[in-house]
Amino acid sequence: MSFSEIALLRQCTHYFLHLVFPVFIALIFYRKNWVKVYLMLLATMLVDLDHLFADPIFDPNRASIGFHFLHSYYAIAVYFLMLFFKGNIRIIGIGLLLHMLTDFQDYNFWYH
């Protein structure tokens, strides 16, 4: 595969995990309220607002995990603890952990 094909596949994977995969989570685990849950999972992408405090705001050669404060290992531990609550807290925790997993794979599993 050429570099441009790998870059395209990386982007497709990244946005699939951010935008499409949450639909499957919502439909499989929260069928009755799947639209609400999907929107909540999408809303967890607001965690990327911490990128605004970095210089430069976006650096494709920088790992988000461990660099931005809402992507820190302490924050990830809190997101994990949210799984032990019920209701919306758990859904938000799922969305935040999925976001962290997406950012982790985006940097660590692809050429950068």
Side-chain angles (χ1 to χ4, degrees):
M1 288 182 107
S2 70
F3 179 76
S4 62
E5 291 172 328
I6 291 172
L8 178 63
L9 186 58
R10 176 183 181 186
Q11 289 297 316
C12 289
T13 302
H14 184 88
Y15 289 109
F16 172 83
L17 290 173
H18 272 319
L19 302 172
V20 179
F21 191 68
V23 172
F24 295 117
I25 292 172
L27 284 171
I28 292 169
F29 297 106
Y30 299 95
R31 182 170 286 287
K32 286 173 61 175
N33 297 317
W34 75 270
V35 173
K36 174 188 164 194
V37 170
Y38 175 64
L39 293 174
M40 289 176 67
L41 293 172
L42 287 183
T44 61
M45 285 193 280
L46 291 172
V47 75
D48 275 341
L49 288 175
D50 64 355
H51 290 245
L52 296 175
F53 296 97
D55 185 32
I57 291 173
F58 175 72
D59 182 356
N61 295 316
R62 177 177 63 213
S64 294
I65 305 298
F67 184 82
H68 303 289
F69 62 91
L70 293 177
H71 291 69
S72 69
Y73 294 105
Y74 296 111
I76 293 169
V78 171
Y79 306 154
F80 179 77
L81 291 175
M82 292 170 78
L83 297 178
F84 296 98
F85 290 83
K86 292 186 185 272
N88 294 342
I89 301 285
R90 180 179 290 165
I91 295 166
I92 293 168
I94 291 167
L96 290 168
L97 288 173
L98 176 62
H99 185 97
M100 297 303 129
L101 179 68
T102 300
D103 286 359
F104 177 83
Q105 70 80 33
D106 191 48
Y107 182 79
N108 291 295
F109 294 171
W110 302 91
Y111 301 119
H112 50 84

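Just so we're clear, the structure is a prediction, and the values are computed from it rather than from any experiment.
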**Q.** Straight-line distance of Ile65 CD1 to Asp106 CG, nearest 0.5 Å
**A.** 10.0 Å

Q) Considering all heavy atoms of both residues, which atom of Arg62 and which atom of Pro56 are nearest to each other, and what is their separation? A) NH2-O, 2.9 Å

**Q.** Joint cluster assignment, Tyr74 & Phe84, ILVMFWY side-chain distance < 4.5 Å
**A.** no

Q. Going from CZ on Phe29 to CZ on Phe24, what distance comes out if it is rounded to the nearest 0.5 angstrom?
A. 12.5 Å

Q: Could you tell me how the ring of His71 sits relative to the ring of His68: parallel (under 30°), tilted (30 to 60°) or perpendicular (over 60°)?
A: perpendicular

Q) What are the two closest non-hydrogen atoms of Leu83 and Gly93, and how far apart are they? A) CD2-C, 4.1 Å

Q. For the atom pair CG (Asp59) and CZ (Phe67), what is the distance rounded to the nearest 0.5 Å?
A. 8.0 Å

(Q) With side chain to side chain contact (heavy atoms under 4.5 Å, CB included) as the test, pick out the partner of Asp103 among Asp48, Leu17, Leu98. (A) Asp48

(Q) Which label fits His18 and Tyr15: parallel for a plane angle under 30°, tilted from 30 to 60°, or perpendicular past 60°? (A) tilted

Q: Flag yes if more than 12 heavy atoms outside Phe53 fall under 6.0 Å of its CZ atom; otherwise flag no.
A: no

Q. If you group Ile, Leu, Val, Met, Phe, Trp and Tyr whenever their side-chain heavy atoms sit less than 4.5 Å apart, what else falls in with Ile57?
A. Leu46, Leu49, Leu52

Q. Closest heavy-atom contact between Ser64 and His51?
A. OG-CE1, 3.3 Å

Q) More than 12 heavy atoms of other residues, nucleotides or ligands under 6.0 Å from CZ of Phe16: is that the case? A) yes

Q) Are Lys36 and Asn88 side-chain neighbours, meaning at least one heavy-atom pair lies under 4.5 Å? A) yes

Q: Could you pull out the closest heavy-atom pair between Ala63 and Tyr107, with the gap in Å?
A: CB-CD2, 3.4 Å

(Q) Quick check for you: to the nearest 0.5 Å, what is the distance between Ile94 atom CD1 and Phe80 atom CZ? (A) 11.5 Å

Q | Partners passing side-chain contact (heavy atoms from CB on, under 4.5 Å) against Ile89 (at least two apart in sequence or in another chain) | A | Met82, Phe85

Q) Quick one: side chain to side chain donor-acceptor pair (under 3.5 Å) partners of Asn33, sequence neighbours excluded? A) none

Q) At what distance, to the nearest 0.5 angstrom, does CG of Leu41 lie from CG of Leu19? A) 11.5 Å

Q | Pairwise distance OG1(Thr44) to CE(Met100) - rounded to 0.5 angstrom | A | 8.0 Å

Q: Could you check if a side-chain atom of Leu101 sits within less than 4.5 angstrom of a side-chain atom of Leu97, using non-hydrogen atoms only?
A: no

Q.
Tell me whether Phe21 at atom CZ has more than 12 heavy atoms from other residues, nucleotides or ligands lying less than 6.0 Å away.
A. no

Q. Does any non-hydrogen side-chain atom of Tyr79 lie less than 4.5 Å from one of Val47?
A. yes

